[in-house]
Engineer: 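Structure provided below as structure tokens; questions to follow.
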Amino acid sequence: MMFIGLTSAYVVSQGLNPLWKQVHMRPLIWIDTAVLLFSSYTMERARRHISARWLIATLLLGIAFLAGQIGVFAQLAQEGLYLNTGRQASFYYLLTGLHGLHILAGIFALAWAGLR
């Protein structure tokens with residue numbers, strides 16, 4: 001619900017300001033998206049086969065996703081886009097940062113499950 005609320009606020013905020021400047025997608029974002037999609041596949045394989053190997057693969061892909069997200073944040077910072085640069089940058093950092101925290105929690109949960 002939190003992500004839906006924030007996404008709705010983003011869309012409404014975008015429509016309120018005619019000078020809205022989009023944060024452009026970096027190529028690393030598409031790589032990160034592929035990593036995330038593949039991690040869904042490996043997680044499903046782990047679930048269906050009750051396999052620690054697939055679970056570990058999912059955990060490693062989650063770590064790779066977070067590393068990619070940190071890379072995107074670094075690219076944005078090099079271009080002068082920070083959390084306080086404007087509403088569009090604030091929304092981007094907030095949404096992707098919260099998503100990163102969500103993935104981090106999943107990594108800890110997978111590590112705990114893998115150790116069991």
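Because only heavy atoms are used, hydrogens play no part in the values below, and waters and symmetry mates are left out as well, while side chains stay in.
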Engineer: To the nearest 0.5 angstrom, please state how far the OG1 atom of Thr42 sits from the CG atom of Leu61.
Structural biologist: 5.0 Å
Engineer: Does atom NE2 of His102 have more than 12 heavy-atom neighbours from other groups under 6.0 Å away?
Structural biologist: no
Engineer: Look at atom CG of Leu37 and say whether more than 12 heavy atoms of other residues, nucleotides or ligands are closer to it than 6.0 Å.
Structural biologist: yes
Engineer: Any chance you could measure Leu76, atom CG, to Leu83, atom CG, to the nearest 0.5 Å?
Structural biologist: 11.5 Å
Engineer: May I ask whether Leu95 and Tyr82 are part of the same hydrophobic cluster, defined by side-chain heavy atoms of I, L, V, M, F, W, Y residues being less than 4.5 angstrom apart, directly or through others?
Structural biologist: no
Engineer: Measure across Leu55 and Ala46 and return the closest heavy-atom pair with its distance rounded to 0.1 Å.
Structural biologist: N-CB, 3.6 Å
Engineer: Could you please spell out the steps behind the side-chain contact (heavy atoms from CB on, under 4.5 Å) verdict for Tyr41 and Trp54?
Structural biologist: CA-CA 9 Å; Tyr41 169 77; Trp54 285 107; 4.2 Å; yes
Engineer: Testing the basics here: between Gln69 and Asp32, what is the closest heavy-atom pair and its distance to 0.1 Å?
Structural biologist: N-OD2, 3.1 Å
Engineer: Tell me the closest heavy-atom pair linking Ala89 and Thr85, and the distance in Å.
Structural biologist: CB-CB, 4.1 Å
Engineer: Do Tyr92 and Leu28 belong together in a cluster built from hydrophobic side chains that touch within less than 4.5 Å?
Structural biologist: yes
Engineer: I'd like to know if the side chain of Tyr93 reaches the main chain of Leu81, judged simply by a donor and an acceptor atom lying under 3.5 Å from each other, with no hydrogens or angles considered.
Structural biologist: yes
Engineer: Which atom pair, heavy atoms only, marks the closest approach of Met43 to Thr58?
Structural biologist: N-OG1, 3.1 Å
Engineer: State, with a plain yes or no, whether a side-chain heavy atom of Ile29 is found less than 4.5 Å away from one of Gln75.
Structural biologist: no
Engineer: Dump the intermediate steps for side-chain contact (heavy atoms from CB on, under 4.5 Å) on Ile103 and Ile63, then the final yes or no.
Structural biologist: CA-CA 8 Å; Ile103 298 295; Ile63 292 169; over 6 Å; no
Engineer: Just jot down the salt bridge (charged side-chain N to carboxylate O under 4.0 Å, His left out) partners of Arg47, sequence neighbours excluded, or say none.
Structural biologist: Glu44
Engineer: If hydrophobic clusters are built by linking Ile, Leu, Val, Met, Phe, Trp and Tyr wherever their side-chain heavy atoms come under 4.5 Å apart, do Phe108 and Ile70 end up in the same one?
Structural biologist: no
Engineer: Taking the side chain as every heavy atom from C-beta outward, state whether Gln78 and Phe73 have any atom pair closer than 4.5 Å.
Structural biologist: no
